[in-house]
Structure formats: structure tokens, C-alpha cells
Amino acid sequence: MRKGDTMTSTPPLRIAMIGTGFMGRIHSQAWSTAPRFFDLPFQPQSALIVGRRQDATADAAARWGWAEHSLDWRDAVERDDIDVIDICTPGDTHAEIALAALAAGKHVLCEKPLANTVAEAQQMTAAALEASERTGAVAMCGFSYRRTPALALARQLIAEGRIGEIRHVRAQYLQDWLSDPDSPHTWRLDRDRAGTGALGDIGAHSIDTAQWLSGQRIASVSAALRTFVGSRPRRSNVEGLGGSAADIADRLPVTVDDAVAFTAHFDGGALGVFEATRMATGRRNANRIEINGDRGSIAFDFERMNELEVYDATQDAAQGFRRVQVTEAQHPYAGAWWPAGHGLGYEHLFTHQVVDFVRAVAGEQSATPGFAEAAQVQRVLDAVERSAAHDSIGTPVDADPTEGDLR
Ligand code: SOE
């Protein structure tokens with residue numbers, strides 16, 4: 001039977017997506033692409049897209065293939081013919097939308113980080129548990145990097161004990177789209193909307209990836225946060241993550257961190273070093289992680305997302321790390337795509353995320369990370385902020401920078 005034949009008899013799963021920004025664009029592509037490349041228990045239907053401005057939302061609906069559009073997310077939650085609410089909005093609206101959707105018995109896919117505060121994340125977790133017991137609703141948080149074939153392979157290798165007992169977790173997420181002090185203000189720089197800056201936007205990915213790969217939870221942190229540019233020009237034109245400003249003298253305050261660095265103790269004994277910044281000039285999307293165990297190591301950089309570096313201390317001592325091209329049919333997710341060696345891109349993560357979510361809705365697998373797991377990441381974000389504010393751990397100790405010349 002051809003793939004198209006099975007698709008017509010597959011029951012529909014009607015999606016309403018809230019948000020028309022970068023994540024809305026990539027989720028739209030994921031919903032339409034997933035059933036073309038993967039056998040799914042449901043046929044996702046791009047039923048309704050919700051945005052804030054009429055023209056932009058109508059345009060997004062037409063371009064990205066959504067049957068209808070609306071300017072009020074409540075339309076999506078109240079409609080009986082919608083099964084899934086996909087939340088692609090800034091963090092300040094996640095809790096309200098997710099709570100209403102779960103109360104209405106919808107399945108929920110929510111962008112990361114789960115919320116802007118621990119209290120919201122806990123409320124969402126309780127609602128997800130209640131809805132799952134009452135209606136079987138599935139709630140998942142979009143930590144998309146878990147769906148990178150190379151990282152999924154790394155997780156398999158680590159779970160098989162191939163690197164042994166984990167000692168070091170070293171994670172950096174480096175971007176540079178905010179390096180120019182005159183690049184415009186966006187919602188990602190507003191604490192009320194985004195919760196935190198580089199910490200929650202990209203550091204949250206590193207925290208999730210590190211815990212998911214290592215199988216260990218972060219137990220405590222010692223952190224420093226830094227905002228290098230205190231105000232930015234009002235944005236007049238959106239382009240990519242930033243855009244342009246008509247008047248660089250008309251500035252808005254930046255109320256979040258530009259960069260974060262922290263050390264972490266894991267509950268399984270590993271020592272972690274984390275760094276996240278949107279000001280690492282030349283690093284566009286370097287989401288890197290290296291994990292060292294007593295039998296070997298893995299290393300990954302999203303700027304080379306189709307590769308995984310693997311070191312086996314029992315075999316590779318003379319040659320060092322081996323570079324595995326994670327593009328073979330037997331590698332996670334890869335077999336659904338192109339012939340070996342042809343590689344995948346950023347958008348594929350979101351397609352894989354949709355695949356896993358739809359399978360979870362059908363009960364074929366669990367929805368990971370669920371809200372409880374994403375709330376735990378939120379607690380780490382909160383601990384980092386508290387540590388950096390010196391109200392718990394991580395009080396800086398003076399290293400006496402006054403003696404001696406720097407040559
Ligand atoms: C911006 O820093 C951003 O779009 C994040 O919000 C995403 O989560 C990350 O995948 C890429 O960068």
C-alpha cells in the first residue's frame with residue numbers, strides 16, 4: 001500500500017496554533033511535514049491559527065496552510081472541533097492559555113521555557129496531571145533539541161553505559177544576534193514578557209539537554225548573570241530574531257540578562273559548567289554540550305548538527321574522538337528522511353517533536369518532556385536567578401584583582 005493510501009483512513013487531529021512569530025512559522029511547517037515523512041496514528045490538520053494583528057495573521061494562515069484564523073486564542077480553546085492547542089507565544093501567556101486548554105480537555109504542546117515563574121509552572125503541572133486523569137489529555141513542552149538525531153543517539157549511548165559514570169557536564173549555548181548595542185528591542189528583552197533573557201531563552205535548552213542526556217538532575221547552582229546593554233532602540237521592522245530601528249535614540253530598557261554563567265552540582269555526582277549568551281560574536285547558534293564519563297565522552301555542537309563526537313576510553317586512546325555522521329537510516333529519526341549522508345536542519349527538530357507528540361496523543365509513547373519535567377527546568381532557572389542575586393548560594397568571593405599588571 002502506498003503511504004498516501006494509509007493517510008486518508010487515518011483519523012484527524014485538529015490543531016489550533018497560537019502565535020505567528022518564528023516559532024509559529026516553524027511549528028506550522030512541522031505540522032504539515034510530519035505526516036508526509038512519518039507514519040502517524042493521526043493525520044494532523046492545520047485548522048486554526050491565532051495571532052494578534054489581522055493582516056499578519058491572515059497572511060500567516062494563507063502562507064503556512066492554516067484553514068482559518070482568529071485574533072482571540074479563546075476561540076481555539078472553546079471550539080469542540082479542535083483537539084490540540086499548540087502554544088507558540090511569549091512566556092507571559094503560556095500559563096493562561098495552557099490552563100484554559102487543559103480545562104477544556106485539549107492536548108497541549110507548549111513552547112519552552114514552560115512558563116515565566118515557578119508558581120505558573122507548578123500550576124500548569126497540576127492542571128496537566130488533573131486533565132490527563134480526567135480526559136487523557138497529553139501535555140508536552142517543546143524542548144526541541146531533544147529531537148536532534150545526534151543528541152538522541154548520544155542519549156542512547158549514555159543510557160547503554162558507553163561513557164560510564166558521568167563526571168563532567170559542560171554546556172554552552174552561544175548566539176550573537178544581540179551583540180550590536182543598537183540592534184532593536186524585542187519581547188525577548190522584556191522581563192514581563194520573557195521572564196528572563198539568555199537564561200530562559202537558550203540556557204533552558206542546555207539545562208534540559210544536560211539532565212535528559214545525563215539522567216541526572218541539577219541539585220544546586222552557583223551563578224552570575226550579566227546585562228551588557230541596558231537599553232535598545234524601539235523596533236520598527238521585524239527581521240529574523242531582531243530587525244531594525246528607525247530612530248536609535250528612542251530606546252527602551254532591557255530588563256533581562258544578556259548572558260549567564262553557572263556551575264551546577266548534579267544529584268548523581270556530576271559537576272556541571274553552563275554558559276548562555278546572545279552576545280558571543282561569530283557564534284550564531286552554537287548549542288554545545290560535552291559529557292565526560294570514566295569510560296568515555298560525547299561532544300556535540302548544533303552548528304554541526306549532523307555530527308556527534310564520541311570517545312571510547314577503552315578503545316580510542318590512540319586516536320582520540322571519533323566523528324560519527326548521524327545520518328544513517330538506523331540513527332534516531334534519520335531513516336524517515338534522505339539517503340545516508342544528506343543531513344538534516346533546524347526545522348527537522350520541530351517535525352520530530354510533532355511526530356513524538358502525535359504518537360503520545362495516541363498512547364504509543366509518553367509525552368516527554370511533560371510539564372512536570374519542564375517545571376523542574378523552571379526551578380533550575382529560578383535557582384540560577386536567586387544565586388546570581390546572592391540571596392542563596394553563589395556569593396562571589398573577592399579574588400583581589402588589584403595586584404600585578406595584566407600583560
Ligand atoms: C532565540 O534565541 C531562539 O530562537 C530561541 O528562542 C530558540 O528556542 C532556539 O532554538 C533558537 O534561538
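Note that these values count all heavy atoms, side chains included, but never hydrogens, waters or copies made by symmetry. These numbers come from a predicted model, not from an experiment. Just so you know, residue 1 is the first one in the sequence shown, and it goes up from there. Both counts, for ligands and for their atoms, begin at 1 and track the order of listing.
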Quick one: which ligand 1 atoms are inside 4.0 Å of a heavy atom on [X]?
X	result
I202	2 (O)
Y173	9 (C), 10 (O), 11 (C)
K112	5 (C), 6 (O), 7 (C), 8 (O)
Y145	9 (C), 10 (O), 11 (C)
Y346	7 (C), 9 (C), 10 (O), 11 (C)
H205	7 (C), 8 (O), 9 (C), 10 (O)
R188	1 (C), 4 (O), 6 (O)
L241	1 (C), 4 (O)

- prompt: Is any side-chain heavy atom of R188 closer than 4.5 Å to a side-chain heavy atom of W177?
  reply: yes
query: With a 4.5 Å limit on heavy-atom distance, are the side chains of F38 and R359 in contact?
result: yes
Taking the six-membered ring for Trp, is the centroid-to-centroid distance between [X] and [Y] below 6.0 Å?
X	Y	answer
Y145	W212	no
H348	Y333	no
W337	H342	no

- prompt: Does ligand 1 have an atom under 4.0 Å from some heavy atom of E111?
  reply: no
Polar atom proximity, [X] to ligand 1 (N or O, under 3.5 Å):
X	result
Q175	yes
N285	no
R278	no

Straight-line distance of [X] [atom1] to [Y] [atom2], nearest 0.5 Å:
X	Y	atom1	atom2	value
E347	H352	CD	NE2	9.0 Å
L153	H331	CG	NE2	5.0 Å
L48	W66	CG	CH2	8.0 Å

- prompt: Any idea which protein heavy atom is nearest atom 4 (O) of ligand 1, and the distance to it?
  reply: F22 CE2, 3.2 Å
query: Do side-chain atoms of Q211 reach the backbone of I218 as a donor and acceptor pair under 3.5 angstrom?
result: yes
query: Considering only heavy atoms, which of D201, N287, L349 lies nearest to atom 6 (O) of ligand 1?
result: D201
